[in-house]
Amino acid sequence: TLLQDGPNAYCQYPFFTKDANGNIYFAWVTDDHLGPAFYRNIGFIVSRDLGVTWEKMDGTNLTLPIVADETGSAEMISLIGDVLVNKFLSGWQYANERLHAVYWLDSSPNKQRYVRINPTTGAIEKTIDLIFGVNGNINSLDGAIIRSEVDRTNASPQPIYFISSIFADK
């Protein structure tokens with residue numbers, strides 16, 4: 001068993017991405033143990049041996065099963081200040097030697113956060129917030145695609161684009 005329930009939430013909605021070296025990056029959303037869905041945090045780990053062992057980005061070995069919520073030893077994509085804000089991971093990809101995550105925050109106003117992570121250290125290098133809806137009528141994010149343009153003639157990193165699908169309560 002890779003993950004176990006934590007005292008505050010359990011694992012839902014796994015996301016996997018892989019780099020050219022075969023490293024597997026696993027991220028997940030947790031749902032609290034209470035009534036309606038409340039997505040509490042977003043964790044992530046890496047396996048550099050095809051899933052035999054799992055570790056933090058800095059190489060710290062993790063003992064299985066890993067506690068899924070913020071009380072466990074995994075790293076978090078969601079910022080610690082967001083623990084009490086409903087959130088949902090909608091995109092997770094390795095591209096241009098970095099990990100890229102996109103997650104929705106049920107904040108006021110609603111927003112989508114892009115996070116760029118160094119896969120060697122686990123450090124969050126950049127965050128960008130996109131505020132939804134001038135009139136505040138966007139309720140939810142239900143998916144995202146992260147795409148990196150590949151330029152075979154130029155070795156420099158290419159831009160990362162993300163496209164999300166949302167629905168509005170009209």
Side-chain angles (χ1 to χ4, degrees), residues 1-6 8-33 37-80 82-83 85-106 111-128 130 140-150 157-166:
T1 303
L2 182 56
L3 296 175
Q4 71 178 30
D5 293 355
N8 300 318
Y10 58 93
C11 175
Q12 284 197 330
Y13 308 110
F15 290 77
F16 293 91
T17 189
K18 190 172 87 168
D19 67 19
N21 297 320
N23 297 321
I24 302 168
Y25 301 94
F26 174 49
W28 64 91
V29 177
T30 62
D31 190 356
D32 73 9
H33 299 292
F38 181 84
Y39 302 112
R40 190 172 174 91
N41 75 295
I42 305 167
F44 70 103
I45 53 179
V46 62
S47 176
R48 300 180 204 286
D49 57 10
L50 299 175
V52 175
T53 62
W54 292 88
E55 53 192 47
K56 291 184 174 189
M57 300 301 128
D58 68 2
T60 302
N61 198 29
L62 297 170
T63 302
L64 302 183
I66 299 162
V67 175
D69 69 14
E70 74 280 358
T71 67
S73 53
E75 298 182 81
M76 290 198 331
I77 294 170
S78 52
L79 305 180
I80 195 68
D82 295 338
V83 168
V85 177
N86 196 16
K87 72 199 62 55
F88 192 84
L89 182 64
S90 51
W92 176 241
Q93 182 175 336
Y94 181 91
N96 298 337
E97 300 182 3
R98 293 295 181 261
L99 289 162
H100 305 272
V102 178
Y103 67 94
W104 164 76
L105 283 160
D106 187 13
K111 58 186 160 185
Q112 187 168 358
R113 178 167 288 148
Y114 163 79
V115 180
R116 186 178 70 207
I117 302 166
N118 181 314
T120 303
T121 65
I124 293 176
E125 296 179 335
K126 186 174 203 168
T127 62
I128 301 171
L130 173 65
S140 181
L141 168 75
D142 72 5
I145 299 166
I146 304 172
R147 180 159 186 234
S148 172
E149 294 295 328
V150 177
Q158 298 302 306
I160 299 293
Y161 303 95
F162 66 90
I163 304 164
S164 65
S165 61
I166 54 178

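What you see is a predicted model; the values in this text were computed from it and never measured.
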Least distance between heavy atoms, [X] atom then [Y] atom:
{"X": "Y94", "Y": "K18", "value": "CB-O, 4.0 Å"}
{"X": "V52", "Y": "S47", "value": "N-OG, 3.9 Å"}
{"X": "I77", "Y": "G43", "value": "CD1-O, 4.4 Å"}
{"X": "I45", "Y": "A74", "value": "CG2-CB, 3.7 Å"}

Would you please say whether a donor-acceptor pair under 3.5 Å links the side chains of N41 and S78?
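Per modelled atom types, N41 and S78 side chains form no pair under 3.5 Å.
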Please, which pairs that meet ring pair (Phe, Tyr, Trp, His ring centres under 6.0 Å) have at least one residue in residues 42-71, sequence neighbours excluded?
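Counting only pairs at least two positions apart or across chains, the ring pair (Phe, Tyr, Trp, His ring centres under 6.0 Å) contacts touching residues 42-71 are F44-W92.
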What is the distance from atom [atom1] of [X] to atom [atom2] of [Y], rounded to the nearest 0.5 Å?
{"X": "L2", "Y": "L64", "atom1": "CG", "atom2": "CG", "answer": "6.0 Å"}
{"X": "I124", "Y": "M76", "atom1": "CD1", "atom2": "CE", "answer": "8.5 Å"}
{"X": "I24", "Y": "L50", "atom1": "CD1", "atom2": "CG", "answer": "5.5 Å"}
{"X": "D69", "Y": "I66", "atom1": "CG", "atom2": "CD1", "answer": "12.5 Å"}
{"X": "T30", "Y": "L89", "atom1": "OG1", "atom2": "CG", "answer": "11.0 Å"}
{"X": "L130", "Y": "R113", "atom1": "CG", "atom2": "CZ", "answer": "11.5 Å"}

According to side-chain hydrogen bond (donor to acceptor under 3.5 Å, both in side chains), who are the partners of [X], at least two apart in sequence or on a separate chain?
{"X": "Q4", "value": "none"}
{"X": "S73", "value": "none"}
{"X": "N23", "value": "D19"}

Can you run down the salt bridge (Lys or Arg N to Asp or Glu O under 4.0 Å) pairs that involve [range], sequence neighbours left out, and say none if there aren't any?
{"range": "residues 87-104", "result": "R98-E125"}
{"range": "residues 37-47", "result": "R40-E70"}
{"range": "residues 46-67", "result": "R48-E55"}

[X]: ring-ring contact (aromatic ring centres under 6.0 Å, His included) partners, not counting sequence neighbours:
{"X": "Y10", "answer": "H33"}
{"X": "F16", "answer": "F26"}
{"X": "F15", "answer": "none"}

Residue pair L99, M57: steps toward the side chain to side chain contact (heavy atoms under 4.5 Å, CB included) verdict:
CA-CA 11 Å; L99 289 162; M57 300 301 128; 4.1 Å; yes
Give me the one residue out of W28, Y13, W104, F38 that meets ring-ring contact (aromatic ring centres under 6.0 Å, His included) with F88.
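Between F88 and the candidates, ring-ring contact (aromatic ring centres under 6.0 Å, His included) is satisfied uniquely by Y13.
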